[in-house]
Amino acid sequence: MVSRSGTSLSFPAHEKLKSRQVIAELFQQGKRLHEGTLKLIYYTYAPEGAESPNIQAAFAVSKRNFPRAVDRNRIKRLMREAYRHHKAQSFSPKGNKPRQCAVMFLYAGNKATTFNNMSEKFGVLLKRLNQELDSGASTT
């Protein structure tokens, strides 16, 4: 799928965060941002290979707040869709250092939300993440 500006709106398998080791490091050493009920944990590290993507993302919803799987899956679907729409305009790494970034989005609310609300929060969070990554690239 391609947006009006010509950028790809896909979320292919190689951009999905699956590595247990990276997820463990993400929760131990990652930095946190939040916007309302949406939380973001990110962790940057040196890339393993030249073919690896710049950003790998994962999405999670609390089983305590949403005991029914159908509700959790719907919120994760909304989160993935909002991420797909905002990732192309948000991630523009500056500098020439290759970087790998693992990102985990957590929905901490206890009520379902709409796509428009989710998309707005993703826009704000991804813009703040891009600023954090750019400021970190200039200092390291």
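Reckoned from all heavy atoms, side chains included, excluding hydrogens, waters and symmetry mates.
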Note to self: Quick check: closest heavy atoms across P12 and K87, and the distance to 0.1 Å?
What the structure shows: CD-NZ, 4.3 Å
Item checked: Closest non-hydrogen atom pair between H86 and S119, with its separation -> NE2-OG, 2.8 Å
Notebook entry, point to check: Which heavy-atom pair separates C101 from T44 by the least distance, and what is that distance?
Noted result: SG-CG2, 3.9 Å
Return a table of donor-acceptor pairs under 3.5 angstrom between the side chains of residues 18-29 and protein atoms on other chains or two or more places apart.
| from | atom 1 | to | atom 2 | distance (Å) |
| --- | --- | --- | --- | --- |
| S19 | OG | Q21 | N | 3.4 |
| S19 | OG | V22 | N | 3.3 |
| E25 | OE1 | Y43 | OH | 3.3 |
| Q29 | OE1 | Y43 | OH | 3.2 |

Check: Are side-chain heavy atoms of F59 and I75 found at a separation under 4.5 Å?
Finding: no
Check: Would Y42 and F11 show up in the same hydrophobic cluster when neighbours are defined by side-chain heavy atoms closer than 4.5 Å?
Finding: yes
Item checked: Partners meeting side chain to side chain donor-acceptor pair (under 3.5 Å) with N117 (sequence neighbours left out) -> T113
Next item on the list: To the nearest 0.5 Å, tell me how far N130 CG sits from L125 CG.
Entry: 12.5 Å
Check: How far apart are the closest heavy atoms of F115 and A82, and which atoms are they?
Finding: CE1-N, 3.7 Å
Next item on the list: Decide yes or no for V103 and L40: does some side-chain heavy atom of the first lie under 4.5 Å from some side-chain heavy atom of the second?
Entry: yes
Next item on the list: Just grab all the salt bridge (Lys or Arg N to Asp or Glu O under 4.0 Å) pairs involving residues 71-80, residues at least two apart or on different chains.
Entry: R68-D71
Margin query: For the CG atom of L33 and the CG atom of L38, what is their distance to the nearest 0.5 Å?
Written below: 10.5 Å
Checklist line | Residue pair E132 / S135: nearest heavy atoms and the distance that separates them | finding: O-OG, 2.9 Å
Checklist line | More than 12 heavy atoms of other groups within 6.0 Å of K16 NZ | finding: yes
Margin query: Which heavy atom of H14 sits nearest to which heavy atom of Q56, and what is that distance?
Written below: O-NE2, 3.2 Å
Next item on the list: Kindly write out the residues that satisfy side-chain contact (heavy atoms from CB on, under 4.5 Å) with P67, not counting sequence neighbours, or none if the list is empty.
Entry: none
In residues 104-112, what donor-acceptor pairs under 3.5 Å come from side-chain atoms, sequence neighbours left out?
| from | atom 1 | to | atom 2 | distance (Å) |
| --- | --- | --- | --- | --- |
| Y107 | OH | K111 | O | 2.7 |

Next item on the list: Assess whether atom CD of E35 is packed by more than 12 heavy atoms of other residues, nucleotides or ligands within 6.0 Å.
Entry: yes
Notebook entry, point to check: Among all residues two or more places apart in sequence or in another chain, which pass the side chain to side chain donor-acceptor pair (under 3.5 Å) test with T37?
Noted result: K121
Notebook entry, point to check: Mind checking whether V61 and M79 have side chains closer than 4.5 Å, heavy atoms only?
Noted result: yes
